[in-house]
Amino acid sequence: MPELPEIETISRALSQGDNNWPSILGKTITEVNILWERTLETPSAEEFNARIIGQVINEVGRRGKFLHIHLTSDSLIIHLRMSGDILIEPEDEEIATHHRLLLIFDDGWRMAFNDTRKFGRVWLVDDPVEVFKRLGPEPLASEFTSDVLYQRLVSHRRQLKLLLMDQCFLAGMGNIYTDEALHLAKLNPLTRSDTISEGQAEELWRAIRHVLLEGIHNNGASIDWVYRGGDFQNYFRVYQRTGEPCPVCDTPIIRIVVGQRGTHLCSTCQPDPDS
DNA sequence: ACGAGCGCCTGTCGGC
DNA sequence: TGCCGACAGGCGCTCG
């Protein structure tokens with residue numbers, strides 16, 4: 001799924017409420033329904049049940065692409081992977097086909113983790129660092145400066161696209177926002193990270209922050225069945241626009257494969273580093 | 001250190 | 001119509 005802007009959108013919708021549901025802050029978890037056991041990364045189903053019941057939701061946040069729900073004494077951490085979504089619904093509603101985990105609250109509402117492809121994972125831990133320890137910087141944090149990005153880029157010799165999508169390098173970028181940022185920065189996805197200039201790193205830094213903020217502003221992107229709240233898909237410059245004109249120069253967008261992921265670019269704006 | 005290949009899953013779409 | 005491969009917003013693992 002969902003990349004940083006989509007998780008941020010969901011996080012805000014959970015803590016503030018939205019058109020379809022109230023805020024979940026202050027609700028007490030009274031019952032659990034585990035519909036696909038492998039959704040639980042840790043702990044076991046039995047321990048999950050025993051530990052989470054009775055805990056109150058105090059805060060909802062985000063780290064990279066992880067949703068972080070702060071409970072009375074534990075952290076409930078959710079990764080939506082490719083097809084996950086979170087919905088708040090009345091507790092007596094019929095259970096949808098792809099619901100994998102339900103948390104039932106004390107006031108008639110429940111939280112559903114819906115995940116068609118079953119790649120999503122949930123952790124219940126007392127210390128969130130257990131899950132977050134390997135993550136790179138938050139791209140929207142003030143500490144993540146253009147110079148930090150430059151230093152990190154030149155300390156590796158990797159293709160830009162693969163590095164930007166590596167969550168240890170930077171937390172939150174996925175296939176869509178990486179393609180969009182590289183186009184905005186006029187950089188080819190195959191460019192080796194150690195060949196980049198300070199000026200190019202600054203352009204890339206601006207582009208990353210620009211596309212992420214643009215995504216958040218539009219409540220994320222909605223594709224197919226996945227998170228249906230946002231509009232950003234209407235503003236894609238290159239992603240899934242193969243054959244359509246580049247918004248900058250009208251050259252048809254091409255699709256290549258980088259790291260087994262479909263990659264969209266303009267061959268004029270983002271010339272191949274080897275040619 | 002780096003990147004390719006594969007597994008994990010379900011669903012849709014286009015070609016034959 | 002049915003079948004079959006390609007592809008889909010992610011990531012962890014193994015293997016050169």
Side-chain angles (χ1 to χ4, degrees), chain A residues 1-10 35-42 62-67 77-86 96-101 113-123 130-136 139 152-183 189-195 208 211-212 214-216 218-243 255-264:
Chain A
M1 118 126 233
E3 306 178 32
L4 187 154
E6 289 76 34
I7 308 302
E8 181 66 27
T9 300
I10 292 171
L35 300 154
W36 177 252
E37 201 156 325
R38 296 181 64 181
T39 293
L40 288 182
E41 181 73 31
T42 194
R62 176 193 60 74
R63 173 79 171 97
K65 299 177 195 171
F66 292 85
L67 189 65
I77 298 171
I78 303 175
H79 198 304
L80 304 178
R81 295 280 179 96
M82 291 285 268
S83 60
D85 199 0
I86 300 288
T97 311
H98 302 300
H99 279 4
R100 308 302 180 197
L101 176 68
F113 174 48
N114 183 283
D115 184 23
T116 304
R117 292 178 70 181
K118 301 176 174 172
F119 291 164
R121 290 293 179 267
V122 170
W123 293 254
E130 271 182 63
V131 182
F132 299 153
K133 61 189 170 194
R134 299 190 59 226
L135 291 178
R152 290 176 75 85
L153 285 170
V154 297
S155 69
H156 296 274
R157 297 180 176 191
R158 294 182 66 187
Q159 295 169 344
L160 285 181
K161 167 130 181 177
L162 296 179
L163 202 46
L164 293 180
M165 288 187 62
D166 183 339
Q167 303 302 298
C168 306
F169 180 80
L170 187 61
M173 298 288 283
N175 209 30
I176 295 178
Y177 292 91
T178 300
D179 280 6
E180 295 295 311
L182 288 169
H183 177 264
L190 301 174
T191 305
R192 271 187 27 182
S193 59
D194 59 328
T195 65
I208 288 167
V211 298
L212 291 176
E214 192 176 36
I216 292 170
N218 289 290
N219 297 312
S222 307
I223 300 176
D224 300 333
W225 64 91
V226 185
Y227 189 75
R228 290 163 292 276
D231 277 339
F232 188 57
Q233 67 279 8
N234 301 320
Y235 302 96
F236 290 162
R237 297 163 178 83
V238 289
Y239 184 77
Q240 281 186 349
R241 294 193 64 242
T242 309
R255 179 185 182 277
I256 62 173
V257 175
V258 182
Q260 286 108 260
R261 307 302 299 276
T263 299
H264 311 79

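Labels below follow one simple rule: chain letters A, B, ... track the order of the sequence lines, proteins then strands, and each chain is numbered from 1.
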From [atom1] of [X] over to [atom2] of [N], roughly how many Å is that when rounded to an integer?
X         : N       : atom1 : atom2 : value
Leu162(A) : dA4(B)  : CG    : P     : 7 Å
Asp85(A)  : dG9(C)  : CG    : P     : 17 Å
Lys161(A) : dA4(B)  : NZ    : P     : 12 Å
Lys133(A) : dG12(C) : NZ    : P     : 12 Å
Met82(A)  : dA6(C)  : CE    : C1'   : 13 Å
Asp166(A) : dA4(B)  : CG    : C1'   : 15 Å
Glu6(A)   : dG10(C) : CD    : C1'   : 13 Å

Which nucleotide sits closest to the side chain of [X]: [options]?
X         : options                  : value
Arg38(A)  : dG11(B), dG3(B), dC9(B)  : dC9(B)
Lys118(A) : dG9(C), dC11(C), dC9(B)  : dC9(B)
Trp36(A)  : dG3(B), dC9(B), dA8(C)   : dC9(B)
Tyr239(A) : dA8(C), dA4(B), dG10(C)  : dA8(C)
Phe119(A) : dA4(B), dA8(C), dC8(B)   : dC8(B)
Gln167(A) : dC11(C), dG9(C), dG10(C) : dC11(C)
Gln260(A) : dA4(B), dG11(B), dG10(C) : dA4(B)
Arg81(A)  : dG9(C), dA8(C), dC11(C)  : dC11(C)

For Tyr177(A) and Val211(A), which heavy atoms make the closest approach, and how far apart are they?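 Closest pair (atom of Tyr177(A), atom of Val211(A), distance): CE2-O, 3.5 Å.
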
Taking only N and O in the side chain of [X], is any of them less than 4.0 Å away from OP1 or OP2 of [N]?
X         : N       : result
His79(A)  : dG10(C) : no
Arg255(A) : dA8(C)  : yes
Arg261(A) : dG9(C)  : yes
Lys65(A)  : dG10(C) : yes
His98(A)  : dG11(B) : yes

Ignoring hydrogens and geometry, is there a side-chain-to-backbone donor-acceptor pair from [X] to [Y] under 3.5 Å?
X         : Y         : value
Thr178(A) : Asn175(A) : no
Ser83(A)  : Asp115(A) : no
Gln159(A) : Ser193(A) : no
Glu6(A)   : Gly220(A) : no
Glu3(A)   : Lys65(A)  : no
Asp179(A) : Tyr239(A) : no
Arg62(A)  : Gly64(A)  : yes

Quick one: stems for DNA chain B, with Watson-Crick or G-U pairs under 3.5 Å, at least three in a row?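 Output for stems: B:2-8 with C:10-16, B:10-16 with C:2-8.
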
NA contact type, Gln159(A), heavy-atom cut-off 4.0 Å: base, sugar-phosphate, or nothing?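 Counting heavy atoms under 4.0 Å across all strands, the contact made by Gln159(A) is with sugar-phosphate only.
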
Give one of base, sugar-phosphate or nothing for Arg192(A), where a contact means two heavy atoms less than 4.0 Å apart.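 Touches nothing.
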
Would you say the side chain of Arg117(A) and the base of dA8(C) hold a donor-acceptor pair, judged only by whether the two atoms sit under 3.5 Å apart?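 Answer yes: a donor N or O sits under 3.5 Å from an acceptor.
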
Contact list for DNA chain C against residues 171-179 of chain A - heavy-atom distance below 4.0 Å: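 Those residues are Gly174(A), Asn175(A), Ile176(A).
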
What integer number of Å spans the P atoms of dC9(B) and dC4(C)?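 To the nearest whole Å, 22 Å.
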
Rounding to an integer number of angstrom, what distance separates dC11(C) and dG11(B) when you compare their P atoms?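 Pairwise P distance, dC11(C) against dG11(B), rounds to 22 Å.
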
Judged by each residue's nearest nucleotide on DNA chain B, which is more toward the 5′ side, Val258(A) or Arg121(A)?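 Taking each residue's closest nucleotide, the earlier one in sequence belongs to Val258(A).
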
His98(A): partners by side chain to side chain contact (heavy atoms under 4.5 Å, CB included), with sequence neighbours left out: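 In terms of side chain to side chain contact (heavy atoms under 4.5 Å, CB included), with neighbours along the sequence ignored, His98(A) is linked to Arg100(A), Asn114(A), Thr116(A).
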
